[in-house]
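These notes are about the structure you will find just below.
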Amino acid sequence: MTVASLDLDLDVFSGPFDLLLTLVLREEIDLLEVQLAEIVIAYLDHLEQRDELDLEVATEFLVLIAALLELKSRLMLPREEEELLDFEPGEAAEELLARMLEARRYRRAAEHLSARLAGEEGIRYRSAPLPPALRRTNLADAGAVYAPARLGRAIGDLLRVPPRLNLEHLTSARVTVAERLTHLRSLLRRGACTFDEAVRGADRVTVAVTLFALLEMYKQGEATWTQPAPFGEIAIRPGASPPRHEAAAL
Amino acid sequence: MSELARIVEALLFLSPDPVAPSDLAQAAGCDDDELAAALAELDREYAPGARGLQLKRVAGGVALATDPLAEEAARRLLAKPRTPPLTPAQAETLAIVAYLQPVSRPEITRIRGVAAESATATLEERGFIEEAGRSQFGAILYRTTDLFLRLFGLDSIKALPSVVEWDPTPDEEAELRDRLLRAGEQRAADPSAA
Amino acid sequence: MSELARIVEALLFLSPDPVAPSDLAQAAGCDDDELAAALAELDREYAPGARGLQLKRVAGGVALATDPLAEEAARRLLAKPRTPPLTPAQAETLAIVAYLQPVSRPEITRIRGVAAESATATLEERGFIEEAGRSQFGAILYRTTDLFLRLFGLDSIKALPSVVEWDPTPDEEAELRDRLLRAGEQRAADPSAA
């Protein structure tokens, strides 16, 4: 399975995850009405049924859900958390607005083109082979119309390999569930710890991935956690089951 | 009908593609004015509703095409299915290519917000778009084809309405901006909404 | 012109081969007498000398054909090599065939990093390349034609320009074919070039 085909049954939406993403971008679903936690739960349910964790897919899911969270938080422009955003709230809204306007422009152009095509329906052009007398071309009539250099240049272009792009600014490859599992296990080998300790100094994506790794350990009985109050400290303790051998777990 | 108009009619019947007027003049051995007169004569002959065929200006040339009146019968005779309409994804991708060409697939994806791979492949297969070289990073660039112009009844890509026409009105833009800001105010008023 | 005659005219225009009157009647949804009347109407319309086209009765049925008057102009327009500007995909494909011939389509695809089907078909249809047997794995091999040499003003394939001038890494020793295949695979493996 891929993340795109993850089936969701939410209050405002029922269908695959990639369709939800599309609808959000097309403004057909208001992101503010989507409970992102429900999506995470649906994903965890899916993992439960499969009883295995595909780490690559899990990482992809986290990147996508993190993007949705970021978008939603920009939509909400949380004043008390302004400093967490890379953008000024006004700037974020303007950027989002510009993207929506651009998408809207081409959606309308698309409607125009579809209508045009429908208007030409039933207009057919003839496609028949030429009569035999016209099919023979005389080689002697053919002059040099193309430059041979065009061919040399094409080969030169094909020999060229593009320089590797610097992809470090992309979040996708930065942190994996496997890395965070290893990190949590090494912390728990020394006894209990708090979630804050586990993610000290980490960026938002790493925090999300770590939380996901913790959920996985909880499911396997490797760790338990308690949080006395919402937004309170999360205390993590080693669970009843010993950690599986790491090589087998990965 | 003049001899020249008859010759031009025959050339249009035989040619598999729309023919540029200059090519018609050269083949028929006449000058541009004479050709224009012959085309005007054919235009009168093929006035709308007069015949089963019509004279179209498409893809920078002149072409004969059927009147939609005959479509149902043509479908029965040729057993050729009707051209399937575009899916929304294909139409959006085609619109982006038509207005921004040459444009790469990553750029199309950025604007649409979803992958454009299968839409691009289908449009290429249907002959609406074609490769137009590579970007500096090696991504294939796309542009529309003459077949696109023909099937959409366009004489050239310039015959498309200006892209500005599709921009939301200032009112709509203001409304969208308003919606975004209102969302922020709601959040501020009710922190538990997160 | 009656509606039925207009429909029949469109059907004859679209058909590459003569059509049996019974097939015309069935497609147009009329009976034999009505069809005969429509054909008589078209006969008057296409009376000899009236137009650039003629209505002909031949063995297989009825057909539209051009008046011999247009023969010479048709030869000037159509009986010559079609040499529109090469698209980038066509130029790449043609260059690969020219420098590596004989070369199979899978190899062309590996070097380009994208399928070369439509470019190969167009080049073959225009007579620039032709089949040259099969590879040991059964893939069709291609080579360039004499028409190709003429259109590029080359005496022989040996007269192709040396690639050195456009080679980004001229110091490499390996054979051109190996280097092209390696570059193609590297491009395909690099996600930023996708």
Side-chain angles (χ1 to χ4, degrees), chain B residues 1 3-17 19 23-24 26-30 42 45 49-54 64-78 80 102 105-106 117 121 124-125 127 130-135 137-141 143 145-146, chain C residues 1 3-16 19 23-24 26-30 42 45 49-54 64-78 80 82 84 87-92 112-115 117-119 122 186-188 190 192-194:
Chain B
M1 220 161 134
E3 196 167 292
L4 183 57
R6 289 169 60 201
I7 290 175
V8 172
E9 185 182 41
L11 293 179
L12 295 177
F13 176 81
L14 289 173
S15 178
D17 301 306
V19 195
D23 290 344
L24 284 173
Q26 201 181 9
C30 67
L42 288 173
E45 199 65 50
R51 316 191 52 102
L53 306 175
Q54 49 177 320
L64 281 173
T66 60
D67 187 301
L69 171 80
E71 176 58 13
E72 215 182 308
R75 217 174 290 152
R76 278 196 290 264
L77 182 70
L78 303 170
K80 262 192 217 155
R105 203 162 61 194
E117 211 170 327
E124 200 177 0
E125 203 180 284
E130 65 186 5
E131 292 179 23
R134 291 172 190 265
S135 76
F137 301 118
I140 290 178
L141 299 168
R143 66 177 171 219
T145 62
D146 279 353
Chain C
M1 217 161 138
E3 200 165 288
L4 182 58
R6 289 170 60 201
I7 290 175
V8 174
E9 183 183 41
L11 293 179
L12 293 174
F13 168 79
L14 290 174
S15 302
V19 195
D23 291 344
L24 285 174
Q26 199 180 8
C30 67
L42 287 174
E45 201 64 50
R51 314 192 53 103
L53 306 174
Q54 300 176 341
L64 278 177
T66 53
D67 189 301
L69 170 79
E71 212 170 293
E72 209 186 316
R75 194 165 300 125
R76 274 197 293 267
L77 181 70
L78 299 165
K80 60 178 184 194
R82 293 187 56 216
T87 67
Q90 289 160 4
E92 279 184 15
R112 294 197 59 228
V114 272
E117 249 122 87
S118 97
T122 306
Q186 266 170 273
R187 270 195 306 274
D190 187 343
S192 67

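Source: prediction; values computed, not measured. Heavy-atom basis, side chains included; hydrogens, waters and symmetry copies ignored.
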Handout entry: Pairing of Arg6(B) and Asp67(C) as salt bridge, 4.0 angstrom limit
Key = yes
Problem - Distance in Å, Phe13(B) CZ paired with Leu64(B) CG, rounded so as to fall on 0.5 Å steps - result: 9.0 Å
Exercise for the section: Measure Val8(C) against the heavy atoms of chain B and call it side chain, backbone, both or neither at under 4.5 Å. Expected result: neither
Problem - Partner chain C: residue of Ala5(B), Gly52(B), Gly29(B) with the largest heavy-atom pair count (under 4.5 Å) - result: Gly52(B)
Fill in the blank from the handout: Okay, Thr87(C) and chain B: the region with an atom under 4.5 Å from a heavy atom over there is both
Problem - Contacting region of Ala89(C) [heavy-atom separation from chain B under 4.5 Å] - result: both
Problem - Crowding at CD, Glu45(C) (>12 non-hydrogen neighbours, <6.0 Å) - result: yes
Problem - chain C contact via Asp17(B) - side chain, backbone, both or neither, heavy atoms under 4.5 Å - result: side chain
Handout entry: Exceeds 12 heavy-atom contacts within 6.0 angstrom, atom CD of Glu71(C)
Key = no
Handout entry: chain B interface, residue from Ala27(C), Gly49(C), Ala10(C), Ser15(C) that has the most non-hydrogen pairs under 4.5 Å
Key = Ala27(C)
Problem - Heavy-atom proximity to chain B below 4.5 Å, by part of Glu92(C) - result: side chain
Problem - Top of Glu130(B), Arg76(B), Glu125(B), Arg143(B) for chain C proximity - count of heavy-atom pairs under 4.5 angstrom - result: Arg76(B)
Handout entry: Heavy-atom side-chain contact between Ser118(C) and Glu131(B) under 4.5 Å
Key = no
Handout entry: Validation row: Leu11(C), Val19(C) side chains within 4.5 angstrom (heavy atoms)
Key = no
Problem - Closest-packed option against chain B by number of heavy-atom pairs under 4.5 Å, given Glu117(C), Glu72(C), Arg112(C) - result: Arg112(C)
Problem - Contacting region of Leu12(C) [heavy-atom separation from chain B under 4.5 Å] - result: neither
Exercise for the section: For the residue pair Pro84(C) and Gln90(C), establish whether any side-chain heavy-atom pair is separated by less than 4.5 Å. Expected result: no
Exercise for the section: Name the member of Ala28(C), Ala50(C), Ala65(C), Gly113(C) that forms the most heavy-atom pairs with chain B at distances under 4.5 Å. Expected result: Ala50(C)
Exercise for the section: Going by the side chain to side chain contact (heavy atoms under 4.5 Å, CB included) test, name the single residue among Leu53(B), Leu78(B), Leu77(B) that passes it with Leu14(C). Expected result: Leu78(B)
